[in-house]
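Report on one structure; see the data block that follows.
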Amino acid sequence: MSLSITLATTRRILAQLKNDHRTLAMLVGVPSLLMILLRYVFDQPVLFDRIGPMLLGLFPFLIMFIVTSVATLRERTGGTLERLMTMPTGKLDLLLGYALAFGLVTLVQVGVVLLISLTWLGLDLAGSLTSLVVVAVLDALLGMALGLFASAFARTEFQAVQFMPAFVLPQLLLCGLIVPRGDMASWLEAISAVLPLTYAVEGMREISLHPSLTGDLAVDIAVIAGFTVVALVLGAATLRRRTT
Amino acid sequence: MRDLRVVRGGREVLHGLSFDVPQGAVLGLLGPSGCGKTTLMRALVGVQIVQSGTVTVLGEPAGSRGLRRRVGYATQSPAVYTDLSVTENLRYFASVLGAPRGDVARVIDEVGLGRSRDQVVATLSGGQLNRANLAVALLGSPELLVLDEPTVGLDPVLRQELWELFRELADRGTTLVVSSHVMDEAGRTDRLLLMREGQILADGAPGALRERTGADDLEGAFLHLITERAGSPS
């Protein structure tokens, strides 16, 4: 692996985003819009304080999953992945290049949504801003890693886009956002315990409730990071130098 | 390349090919679409899973780590980022290869894309896109260039210019393997492999092939070889 190739890859991905104004506007605009809608749909500050932070964890996860699965599928089908594999590019250079670029995008995304939420929408956050941003970026990287892995199983962009509901919506139903996990049937709760989004959302709830770093939050962060690393390793295994 | 066999989709597409390419030569791969030219080139670059046989490139097994800066490869369908400009694409690939600073400007000049250097690739014409794809392969001055149909869709003037460039590169010691299905291009190579259905029909200098078959042009030579092979008991 080489730092200069990793950074060149990050720069290239950011340049691609910079040339695509509509995608860039949607990456930042859509979560902001949804947050504003959520605030006025509930119209109860207490409820918004409870749900808002969880969505702050969900948006980066969801968006990075979609963006990465489509972007890497394009690299695979467009021949650029094969070209990079004939060059000195390491698999890790490519993965870290993506992680760095999308990590930066997430920082901007979460920054804007947070700014709107804390000022205009009056979100009341018990925990620290830093831990919220850290967990949000981790959630984004988790979405990215899963998207990268999922893209290996898609042959077309049609299929890749449909992985979003297939991979993500079941996790969304089970993660405790819609029905608290404790109220679920025990077999559903057991399933939710092995799904990564559960920890992403739970980490955000911990931050919304407790001012200090709790043990539960530390566990959530460790689990999210663990899932991310495993998904990245599995994703790296799907980047092949030789194909049939 | 020794006794190369490749199976794709459950079917053997290359049936034990062997040949050598001398350094600084332009080798033409000629044959109808589907005859295995691309598969052969992929094996040379080392991205093709092969059944058996050995491919040695510049003294190392094809696809080894040490070759990744020494071999340039341009696929038939352009492998560039359509949402970046020509320069942005080249800058990225140049930094991946660790190519010298001036290389981006040099290759843009060599393929004649000076006027569209800042154009986003998606807006290029087919011929310009092909040349952008070729430019990436030229970055870092590789010792072996593997070019899959680099002149498709170009007008005769540009085609002429590119063949002059290939000749110039070969004179500087670069080895080129260039595929084509246009017969009149084949005459510009030093050596020609005529391929059909995963086999090498003939291997030799274009002039010698014409002489041997008694045909006026290579098209005729090709036909002669096919009928000759069909007629002989094998």
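The sequence lines fix the lettering, A, B, ..., with proteins before strands; numbering per chain opens at 1. Hydrogens, waters and symmetry mates are skipped; everything else that's a heavy atom, side chains included, is used.
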Return yes when atom [atom1] of [X] has more than 12 non-hydrogen atoms of other residues, nucleotides or ligands closer than 6.0 Å, and no otherwise.
| X | atom1 | answer |
| --- | --- | --- |
| B:Arg191 | CZ | yes |
| B:Arg65 | CZ | no |
| B:Gln23 | CD | no |

Segment of [X] engaging chain A (4.5 angstrom heavy-atom cut-off):
| X | result |
| --- | --- |
| B:Ser77 | neither |
| B:Val50 | neither |
| B:Gln48 | both |
| B:Ala62 | backbone |
| B:Val96 | both |

Chain B heavy atoms under 4.5 Å from A:Arg240: which part of the residue, side chain, backbone, both or neither? neither

Is A:Thr6 in contact with chain B via its backbone, its side chain, both, or neither, using a 4.5 Å heavy-atom distance? neither

Between the CD1 atom in A:Ile13 and the OH atom in B:Tyr92, the distance rounded to the nearest 0.5 Å is 6.5 Å

Walk me through whether A:Arg12 and B:Asp83 qualify under salt bridge (Lys or Arg N to Asp or Glu O under 4.0 Å). CA-CA 10 Å; A:Arg12 185 262 297 174; B:Asp83 45 2; over 6 Å; no

How would you list, in number order, the residues of [range] that have a heavy atom less than 4.5 Å from chain B?
| range | value |
| --- | --- |
| residues 63-71 of chain A | none |
| residues 79-92 of chain A | A:Gly79, A:Thr80, A:Glu82, A:Arg83, A:Leu84, A:Met85, A:Thr86, A:Met87, A:Pro88, A:Thr89 |
| residues 15-41 of chain A | A:Ala15, A:Gln16, A:Lys18, A:Asn19 |

Heavy-atom side-chain contact between B:Arg68 and A:Arg241 under 4.5 Å: yes

Once salt bridge (Lys or Arg N to Asp or Glu O under 4.0 Å) is applied, do any residues pair with A:Arg76, and if so which ones, sequence neighbours excluded? none

Greatest number of heavy atom pairs closer than 4.5 Å to chain B - which of A:Ile5, A:Thr9, A:Thr243: A:Thr243

Out of B:Tyr81, B:Phe93, B:Tyr73, return the one with the most heavy atom pairs under 4.5 angstrom to chain A. B:Tyr81

